[in-house]
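Below is one structure, written out as structure tokens; the observations come after it.
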Amino acid sequence: MKLAKVVGTVVSTQKLECLEGIKLLLLQPLDEEQNEIGDVLVAMDPVQSGEGDVVFYESSKEAARAYNEWFQPGDVAIFGIVDHIDLEKE
Amino acid sequence: MILGRVLGTVVASRKSPRLEGGKFLLVEKIDPATMKGKKEYIVAIDGAGAGIHEIVFYATGSCGRYTDATEGKPSDATITAIVDAIEIDGDYVYNKATDA
Amino acid sequence: MILGMVTGTVVATQKADKVDGAKYLLINKCDEHGAVKNDFYVALDQVGAGHGDMVMMAQGSPNRQTERTTDRPIDASILGIIDLIGKGDVVAYKK
Amino acid sequence: MILAKIIGDVVSDHKISDYKGIKMLVVQPIDPDGSPNGKTFLAVDGVQAGVGDTVVILDEGGSARMLLEEPEIFTIRAVVAGIVDQIAMDGLE
């Protein structure tokens with residue numbers, strides 16, 4: 001799993017039928033110190049997160065299992081909202 | 001899928017028995033905007049009957065196992081199509097019939 | 001899914017994908033404002049996308065989870081056309 | 001698959017049970033001309049390869065399980081799948 005911040009919402013009306021009713025959010029991947037790394041992603045959101053939330057997400061096969069109705073073709077899904085991260089500093 | 005140009009063949013006589021019969025092609029990724037090679041190379045199993053110099057695209061990861069040539073075989077990169085033409089912004093940047 | 005702009009089409013007659021009527025589009029990865037990164041992918045179009053559309057494209061094995069792509073060697077497909085991306089009160093992209 | 005050269009062995013006594021009896025190698029990805037390209041990584045040996053060999057490496061879990069004939073091992077991804085004898089490009093070797 002990886003960390004990201006929810007930075008926006010994505011609206012798509014013309015999409016695959018199996019994605020109907022699934023909330024799509026724009027994610028900015030973060031490192032463990034919450035620095036922005038890499039390119040933004042569109043993620044499926046089964047956990048009702050909102051803009052500004054730090055979340056953890058999974059990509060590829062595991063994301064396809066985020067919804068109970070069998071597999072989804074989506075390859076990025078938010079799995080949880082992060083409350084806080086404790087980093088052991090040297 | 002990723003676009004590439006077939007540069008040559010790779011011969012490996014000592015290989016996993018599971019890979020017997022597969023044709024290994026050396027593929028260089030290309031930038032379709034310039035049609036130039038990106039100096040990034042992969043070895044792909046040929047699922048489409050591709051030949052040297054042809055522009056192809058290949059599927060990576062577990063998806064590469066779902067062609068007739070790779071069914072039930074290990075493959076993490078399989079050529080799934082030979083490209084006839086590439087159009088960008090209305091212009092043909094590649095046309096096999098005239099460029100090849 | 002990654003964001004990308006549809007910048008062209010890829011024509012291939014000799015294929016191993018066994019997908020009926022497959023249309024392949026050339027996708028140039030982009031940011032949420034539509035600025036392209038010159039990082040290109042070939043993706044199966046599942047939604048009727050057209051030139052200049054911003055789309056979301058999935059990568060890897062989840063692409064085999066639709067009716068058309070079950071057990072097919074498809075590792076990239078277009079799942080939706082983006083109408084709008086909102087960042088707070090700001091509209092980052094609008095079709 | 002990618003082209004790589006084997007540059008070392010990895011010895012580990014303490015490891016998860018999936019890796020018992022499995023030989024691990026350090027591999028350097030290379031260009032077709034043999035020059036290094038990219039960072040080294042570790043791969044499991046599937047063909048009794050050794051240091052100095054030019055090889056092809058499969059980097060996908062399901063393929064690794066098939067190749068090693070180990071359907072229950074889910075912790076291995078990169079496997080040395082073949083030893084390269086020859087690369088032929090434009091009639092050159």
Side-chain angles (χ1 to χ4, degrees), chain A residues 1-2 4-30 36-46 49-55 57-79, chain C residues 1-6 27-39 41 43-50 53-72 74-95:
Chain A
M1 269 155 320
K2 296 165 206 141
K5 189 174 181 174
V6 179
V7 294
T9 52
V10 177
V11 182
S12 167
T13 43
Q14 197 172 338
K15 61 188 169 193
L16 278 181
E17 219 168 89
C18 48
L19 287 173
E20 291 295 335
I22 287 179
K23 193 168 104 184
L24 299 169
L25 294 175
L26 189 69
L27 295 185
Q28 169 62 57
L30 302 174
E36 296 185 359
I37 47 164
D39 297 326
V40 292
L41 296 168
V42 180
M44 306 183 288
D45 177 27
S49 48
E51 273 192 63
D53 284 343
V54 173
V55 296
Y57 70 96
E58 190 52 89
S59 48
S60 198
K61 202 167 14 186
E62 291 70 20
R65 304 299 294 266
Y67 290 83
N68 292 330
E69 313 97 51
W70 195 221
F71 286 107
Q72 282 293 337
D75 64 339
V76 182
I78 297 169
F79 280 1
Chain C
M1 286 75 78
I2 64 166
L3 292 171
M5 300 297 294
V6 178
I27 303 301
N28 194 343
K29 195 175 173 183
C30 70
D31 69 8
E32 66 271 35
H33 304 288
V36 293
K37 295 171 184 285
N38 286 329
D39 190 2
Y41 299 86
L44 175 73
D45 180 23
Q46 302 225 52
V47 293
D53 283 341
M54 188 197 274
V55 295
M56 50 186 178
M57 182 191 108
Q59 295 171 283
S61 59
N63 285 294
R64 297 201 310 267
Q65 306 300 342
T66 68
E67 225 167 89
R68 282 181 84 198
T69 58
T70 304
D71 292 346
R72 301 286 190 263
I74 302 296
D75 69 351
S77 65
I78 297 168
L79 304 186
I81 301 168
I82 309 288
D83 297 311
L84 184 93
I85 297 178
K87 295 177 84 174
D89 298 334
V90 184
V91 174
Y93 170 83
K94 194 169 188 300
K95 189 178 170 181

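This is a predicted model, so every value here is computed, not measured. First the proteins, then the strands, lettered A, B, ... as listed; each starts at 1.
More than 12 heavy atoms of other residues, nucleotides or ligands sit less than 6.0 Å from atom NZ of A/Lys15. Other residues, nucleotides and ligands place more than 12 heavy atoms under 6.0 Å from the CD atom of A/Glu20.
Taking CG from C/Asp53 and OG from A/Ser12, the interatomic distance works out to 10.0 Å, rounded to the nearest 0.5 Å. Within the model, atoms CG of C/Leu79 and CG of A/Asp75 stand 7.5 Å from one another, a figure rounded to the nearest 0.5 Å.
Among C/Gly80, C/Cys30, C/Ser77, C/Gly86, the residue making the largest number of heavy-atom pairs under 4.5 Å with chain A is C/Gly86. Comparing A/Val76, A/Asp39, A/Leu27, A/Leu25 by how many heavy-atom pairs each has under 4.5 Å with chain C, the most go to A/Asp39. Comparing A/Leu41, A/Leu16, A/Leu24, A/Leu26 by how many heavy-atom pairs each has under 4.5 Å with chain C, the most go to A/Leu16. Of the listed residues (C/Lys37, C/Met57, C/Met54), the greatest number of heavy-atom pairs within a distance under 4.5 Å of chain A belongs to C/Lys37. Counting heavy-atom pairs closer than 4.5 Å to chain A, the top residue among C/Ser61, C/Gly60, C/Ala49 is C/Ser61. Between chain A and the options C/Asp83, C/Val55, C/Asn63, C/Leu3, heavy-atom pairs under 4.5 Å are most frequent for C/Asp83.
Scored by the side chain to side chain donor-acceptor pair (under 3.5 Å) test, C/Glu32 finds C/Lys87 as partners (sequence neighbours excluded). Remark: C/Asp71 pairs with no residue by the salt bridge (charged side-chain N to carboxylate O under 4.0 Å, His left out) rule, at least two apart or across chains. Judged as a side chain to side chain donor-acceptor pair (under 3.5 Å), and not counting sequence neighbours, the contacts of C/Thr66 are C/Gln46, C/Thr69.
Between A/Pro73 and C/Ala58, the closest heavy-atom pair is O-CB, 3.5 Å. Closest approach of C/Gly48 and A/Gln14 over heavy atoms only: O-NE2, 3.5 Å. Considering every non-hydrogen atom in both C/Pro62 and A/Gly74, the closest pair reads CB-O, 3.5 Å.
Heavy-atom neighbours of chain A within the stretch residues 88-95 of chain C, taken at a separation under 4.5 angstrom, comprise C/Gly88.
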